[in-house]
A.B. asks: 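The structure that follows is given in the form of structure tokens.
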Amino acid sequence: MYRRISIQSADFSLDQTLDRLKQHSGSPGGVCFFVGTVRDTNLDEQVSGLFLEHYPGMTEAQLARILDAAEQRWPLAGAEVVHRIGALQPGDNIVLVAVAAAHRGEAFQACEMIMDYLKTQATFWKKEQAASGDRWLDARISDQTKLTDWDAGGVDF
Amino acid sequence: MYRRISIQSADFSLDQTLDRLKQHSGSPGGVCFFVGTVRDTNLDEQVSGLFLEHYPGMTEAQLARILDAAEQRWPLAGAEVVHRIGALQPGDNIVLVAVAAAHRGEAFQACEMIMDYLKTQATFWKKEQAASGDRWLDARISDQTKLTDWDAGGVDF
Amino acid sequence: MKVLFFAGLRELMGESVIELDIDTSLTVAELKTLIRLPTGESLASWSQSQSLLAAVDQAMGSDATVVDPGAEVAFFPPVTGG
Amino acid sequence: MKVLFFAGLRELMGESVIELDIDTSLTVAELKTLIRLPTGESLASWSQSQSLLAAVDQAMGSDATVVDPGAEVAFFPPVTGG
């Protein structure tokens with residue numbers, strides 16, 4: 001399976017990701033993308049910006065393990081994961097996951113599983129600039145629950 | 001909910017769709033996209049091109065009904081559906097569905113439901129240019145089955 | 001009454017639209033008995049061996065859907081977009 | 001042995017990396033008793049009231065994971081990317 005993992009401060013382009021997936025993963029039929037962006041409010045407070053920190057080396061290794069798990073479960077043609085780090089503004093792109101597959105149901109499922117694992121297993125941390133001051137975000141229980149659902153379905157991670 | 005439906009012969013840009021969704025649907029957090037492309041083989045034969053015909057007026061009406069059904073089922077921030085018509089080559093983009101929502105699970109589900117309904121309810125027909133001659137594609141039983149799954153889940157269409 | 005044909009059925013009919021001079025309401029099933037392919041076979045008979053969908057005023061219909069004289073009706077094979 | 005800290009824990013520790021002079025293998029749980037915050041509290045004690053994750057050689061670990069003297073260990077709060 002074609003794969004590309006990138007941790008970068010620069011923005012990304014979905015059109016370029018689609019071009020690369022087409023070029024490197026044959027004629028897959030369908031591609032599912034998920035893009036996460038910086039919200040302008042959180043916990044009922046205005047958010048003026050975000051700073052994203054990560055664990056260089058481990059982050060890339062974790063993302064590779066997540067793609068391994070997805071590839072083991074579904075017949076995929078290609079996948080890209082791009083995650084931004086550093087200072088971001090409300091509305092900015094944070095993360096892109098794109099999965100190409102012959103059948104669209106598999107592209108949707110794999111893309112969602114990769115996002116769910118990324119949220120709980122990839123070593124990124126967000127610090128938010130809010131009106132009441134800067135604060136590190138807390139992990140969400142709901143993200144942990146989603147992971148348990150995949151585990152029950154037999155994802156090997 | 002912000003929505004845009006376009007039937008066009010021109011190609012589309014995912015980056016522009018993302019920009020419009022951000023501009024018109026507040027600060028939704030996540031956007032799920034699906035892109036369908038022209039495969040280069042079908043029924044074990046090389047495909048050299050595709051011609052897409054549709055029912056002007058009804059196609060737009062059907063797509064609007066599909067978005068109504070999705071909006072009724074999930075709290076969505078915005079959606080775009082773009083479908084190309086006319087002559088297309090292998091690798092060309094055919095369809096784009098993009099759904100913005102506060103929670104990523106809802107964006108994934110709504111995007112997949114819209115695609116499943118589009119496949120069986122939107123008035124498009126594909127004629128394929130293959131080595132053995134031109135042929136109209138047959139509808140797939142598997143697409144009909146996926147629809148029944150959504151119906152069982154209570155989609156009102 | 002305007003009747004449209006699409007895709008393979010359009011090619012089989014040899015035309016994309018016909019005008020029928022009908023001044024009463026009737027069902028889609030009844031309308032299918034009145035429309036003939038170039039072979040002389042009625043659309044009702046042909047559709048017994050072929051998948052055929054119908055739309056009335058740009059919404060999906062069935063054999064039981066009632067068609068008013070001023071309606072736009074369309075017949076077509078199962079859709080294959082996406 | 002190199003020990004890294006990230007995010008809120010890094011700010012609490014006041015540094016992002018420390019070098020420990022340890023020449024035998026030990027568990028993550030044991031290592032946590034040896035590391036002290038600027039307040040004097042051990043990481044083991046602190047983590048009883050705070051969520052704390054550990055990685056050994058860039059893979060997720062648990063209290064029972066064995067750490068070799070040359071390993072890279074990291075401690076951090078639950079991740080919040082995506």
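Reminder, nothing fancy here: chain letters follow the sequence lines and each chain counts from 1. Source: prediction; values computed, not measured.
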A.B. asks: Looking at Lys22(B) and Thr37(A), what are the two nearest heavy atoms and their distance?
C.D. replies: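 Looking at all heavy atoms of both residues, the shortest contact is CE-CG2, 3.6 Å.
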
A.B. asks: Between Ala102(A), Ala100(A), Pro90(A), which has the largest tally of heavy atom pairs under 4.5 Å with chain B?
C.D. replies: Ala102(A)

A.B. asks: Strictly under 6.0 Å, is that where the ring centroids of Phe108(A) and Phe34(B) end up?
C.D. replies: yes

A.B. asks: Check Asp143(B) with Arg104(A), please: is the shortest side-chain N to carboxylate O separation under 4.0 Å?
C.D. replies: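 Salt bridge flag = yes for Asp143(B) with Arg104(A).
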
A.B. asks: Counting distance only, does the side-chain N/O of Asp15(B) pair as donor-acceptor with the main-chain N or O of Leu14(A) below 3.5 Å?
C.D. replies: yes

A.B. asks: Would you mind checking which part of Val38(B) comes under 4.5 Å of any heavy atom in chain A, side chain (CB onward), backbone (N, CA, C, O), both or neither?
C.D. replies: backbone

A.B. asks: Below 30° counts as parallel, above 60° as perpendicular, anything between as tilted: where do the rings of Phe33(A) and Phe33(B) land?
C.D. replies: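 Correct class here is perpendicular.
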
A.B. asks: Asp11(B) versus chain A, heavy atoms under 4.5 Å apart: side chain, backbone, both or neither?
C.D. replies: neither

A.B. asks: Do Cys32(B) and Cys32(A) have side chains that get closer than 4.5 Å, going by heavy atoms?
C.D. replies: yes

A.B. asks: Under 4.5 Å, counting heavy-atom pairs only, tell me which of Gln16(A), His103(A), Met115(A) racks up the most with chain B.
C.D. replies: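 The option with the most such pairs is Met115(A).
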
A.B. asks: Taking side chain as everything from C-beta outward and backbone as N, CA, C, O, which of these in Ala98(B) sits under 4.5 Å from a heavy atom of chain A? Side chain, backbone, both or neither.
C.D. replies: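 Neither part, no heavy atoms under 4.5 Å.
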
A.B. asks: Please look at Asp92(A) and chain B and tell me whether the side chain, the backbone, both or neither of the residue comes under 4.5 angstrom of a heavy atom of that chain.
C.D. replies: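 Contact with chain B is through the backbone of Asp92(A) alone.
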
A.B. asks: Could you check which of Cys111(B), Ala107(B), Ser142(B) has the highest count of heavy-atom pairs closer than 4.5 Å to chain A?
C.D. replies: Cys111(B)

A.B. asks: Where the side chain of Arg39(A) meets the backbone of Gly30(B), is there a donor-acceptor pair that is under 3.5 Å apart?
C.D. replies: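 Checking the backbone N and O of Gly30(B) against the side chain of Arg39(A), no donor-acceptor pair under 3.5 Å is found.
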
A.B. asks: Would you mind checking which part of Ile94(B) comes under 4.5 Å of any heavy atom in chain A, side chain (CB onward), backbone (N, CA, C, O), both or neither?
C.D. replies: neither

